[in-house]
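Heads up, the thing below is written out as C-alpha cells.
Indexing begins at 1, ligand by ligand and atom by atom, following the structure's order.
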Amino acid sequence: MTTEATLISGDALKAAALKFLSEMRDKVEREQNGLHSIFDSWFTRVLTRLIAFDPSRSWEDSVRENAARPPAQDLSLQWDLMRLRLFLDRWVQGHLVEYSERERSGVHYHPRFGTEFGLDVLLTCQGAPSLMRWRGTPLMKNVFDFAMYPALIAELRPQTIFEIGSGLGASAVWFADNLALSGIQGQVHSVDRVKVEMEYPHVKFYQGDCSAPERLFDSDLLHSEPHPWLVVEDAHHNVIGVLEQFHPVLSPGDYLVVEDSDVKRQAIRDFVGAHPGEYLVDTRFTDNFGRNATCAADSIFVRTATRRSETPIDRAG
Ligand SMILES: C[S@@+](CC[C@H](N)C(=O)[O-])C[C@H]1O[C@@H](n2cnc3c(N)ncnc32)[C@H](O)[C@@H]1O
C-alpha cells in the first residue's frame with residue numbers, strides 16, 4: 001500500500017488495460033450474448049486508438065504529444081485516457097478495498113464526496129424538487145442507490161435487514177419488496193426516534209434513539225435473527241456508537257452500509273481504525289455506476305472473516 005496516491009501509468013497501465021479487455025470480451029460473450037454496453041464499446045474504441053501509438057512510448061506521452069499537434073482534433077483522447085486510467089486504477093485494486101486506501105485514492109476525485117461526477121449530480125439525484133416515492137411514500141434514496149441496493153440484496157440474499165433511521169417507512173418497505181423479488185424469506189427491522197406507524201408484511205418498525213444505541217434493538221433479537229445481515233445506518237446521529245453496537249453481533253459476510261457518509265468520515269475512520277482489516281469497502285457496489293455513485297461513499301462494507309494479521313480474504317476480485 002502506498003502512502004501517496006499515484007494514478008496507474010506507463011507499462012502497468014498498458015498491462016491492466018489489456019487484461020481488462022480480455023476479461024471484458026469474455027464477459028460480453030458469456031453474459032451479454034455478444035452485445036456491448038456503452039462502457040464496453042467505449043473501452044474497446046479507446047484502447048484500439050491507444051494501441052496504435054508507438055509501443056515503445058507511454059500512452060500518456062503519446063496522447064499529450066498528439067493533442068499538441070495541429071490540428072488539435074484529438075483533445076477528447078486526453079479525456080478518454082484520464083477516464084481509462086481512473087477506471088483501471090480502481091480495477092487493479094480488486095473489489096474489496098481498505099477504507100484508508102479508498103480515502104487515499106480519493107484525491108483524484110471530487111474533494112468532498114470522492115465521486116467521479118460533481119455536486120450538480122449529487123444535488124439532484126434523490127429527485128429535485130420531489131423525492132422518489134415507493135408505494136406512494138417519499139423515499140430518501142438516490143437514483144444510484146435505487147439500482148445498487150437491489151443488486152446487493154440479490155447477491156447477499158440477506159435473511160435480516162436492520163435499518164437505523166426509518167424516515168417515512170418507505171425504505172423499509174422497499175427493502176422488504178426487494179427481498180420478496182429475490183425470493184428471500186427475510187425480515188426488515190427498522191428503528192427511528194419517531195416510530196413509523198405502518199403495517200407491512202416482513203417489516204417491523206420500532207422506536208429508539210441512537211443516543212442510547214444499546215436500546216435500539218432488543219438484545220435477544222440481535223442474537224437470534226438469521227444471517228447474513230444487511231445493516232443500514234441512515235439516522236446520522238451517534239454514528240460511531242451505533243456502529244460499535246452492531247460490531248459484536250455482525251458475522252463474516254454481513255454488510256454494513258453507512259449512508260450520507262460524506263459528513264460521517266471521521267466516525268467511519270475511527271470505527272474501521274478500531275477494527276483493522278475487519279471491514280472492507282465492496283467497490284462493486286460503491287463504484288458500479290462510477291466511483292462513489294452512491295450516498296454511501298466509501299462506506300458499503302463487508303464484515304470480513306479475519307483480522308489484518310491473519311490470512312486476508314479474496315482481494316483479487
Ligand atoms: C434520512 S432519514 C431516513 C430516511 C430513510 N431511511 C429513507 O431512505 O427513506 C433520517 C431519519 O433518522 C431519524 N433520526 C434522527 N436522529 C435520530 C436518533 N437520534 N435516533 C433515531 N433516529 C434518528 C430521523 O427521525 C429520520 O427519520
| message | For atom 19 (N) of ligand 1, what's the nearest protein heavy-atom neighbour? Residue, atom name and distance, please. | response | D209 OD1, 2.9 Å
| message | Before we go on, tell me: are the rings of F87 and F39 under 6.0 Å apart, centre to centre? | response | yes
| said: Tell me whether D287 is salt-bridged to R102, with the criterion being a basic N under 4.0 Å from an acidic carboxylate O. | reply: yes
| task | Report the part of E259 in contact with ligand 1, treating N, CA, C, O as backbone and CB onward as side chain, heavy atoms under 4.0 Å; options are side chain, backbone, both, neither. | result | neither
| said: With a heavy-atom distance limit of 4.0 Å, tell me whether S166 approaches ligand 1 through its side chain, its backbone, both, or neither. | reply: backbone
| Could an N or O of ligand 1 be found under 3.5 Å from any N or O of C210, whether backbone or side chain? | yes
| said: Can you tell me if A172 contacts ligand 1 (heavy atom of the residue under 4.0 Å from the ligand)? | reply: no
| message | Are any of the N/O atoms on E163, whether in the backbone or the side chain, positioned under 3.5 angstrom from an N/O atom of ligand 1? | response | yes
| said: Which residue and atom name correspond to the protein heavy atom nearest atom 2 (S) of ligand 1, and how close is it? | reply: D234 O, 3.8 Å
| request: Would you mind telling me if ligand 1 is within reach of the side chain of M140, the backbone, both or neither, using heavy atoms under 4.0 Å? | output: both
| Have R90 and Q93 got a donor and an acceptor in their side chains that come within less than 3.5 Å? | no
| request: Report yes if some N/O of L139 lies less than 3.5 Å from some N/O of ligand 1; otherwise report no. | output: no
| field | Neighbour count >12 (heavy atoms, 6.0 Å) for atom CG, D26 | value | yes
| said: What I want to know is whether G165 and ligand 1 share at least one N or O pair that is separated by under 3.5 angstrom. | reply: yes
| said: List ligand 1 atoms under 4.0 Å from H236, heavy atoms only on the residue side. | reply: 1 (C)
| Any idea which protein heavy atom is nearest atom 15 (C) of ligand 1, and the distance to it? | A235 O, 3.5 Å
| said: Below 30° counts as parallel, above 60° as perpendicular, anything between as tilted: where do the rings of Y255 and F285 land? | reply: perpendicular
| task | Would you please classify the geometry between the F162 ring and the H189 ring as parallel, tilted or perpendicular, with 30° and 60° separating the classes? | result | parallel
| task | For Y99 and R104, test the side chains for any donor-to-acceptor distance below 3.5 angstrom and give the result as yes or no. | result | no
| For atom 22 (N) of ligand 1, which protein heavy atom lies nearest, and how many Å away is it? | R193 N, 3.2 Å
| note | Rounding to 0.5 Å, atoms NE2 (H108) and CD1 (I8) come to a distance of 11.0 Å
| query | Is the charged tip of R57 near the ring of W59: under 6.0 Å from the six-membered ring centre and within 45° of its axis? | reply | no
| task | Quick one: sort the H275 and Y279 rings into parallel, tilted or perpendicular, breaks at 30° and 60°. | result | perpendicular
| request: Could you tell me the residue and atom name of the protein heavy atom closest to atom 25 (O) of ligand 1, and the distance to it rounded to 0.1 Å? | output: D192 OD1, 2.7 Å
| note | atom 7 (C) of ligand 1 sits nearest the protein heavy atom S171 OG, 3.2 Å
| said: Give me the residue, atom name and distance of the protein heavy atom closest to atom 8 (O) of ligand 1. | reply: K141 NZ, 2.5 Å
| message | Take a 6.0 Å sphere around NZ of K27 and say whether it holds more than 12 heavy atoms from other residues, nucleotides or ligands. | response | yes
| request: State the atoms of ligand 1, each with its element, that fall below the 4.0 Å cut-off from a heavy-atom position in G208. | output: 20 (N), 21 (C)
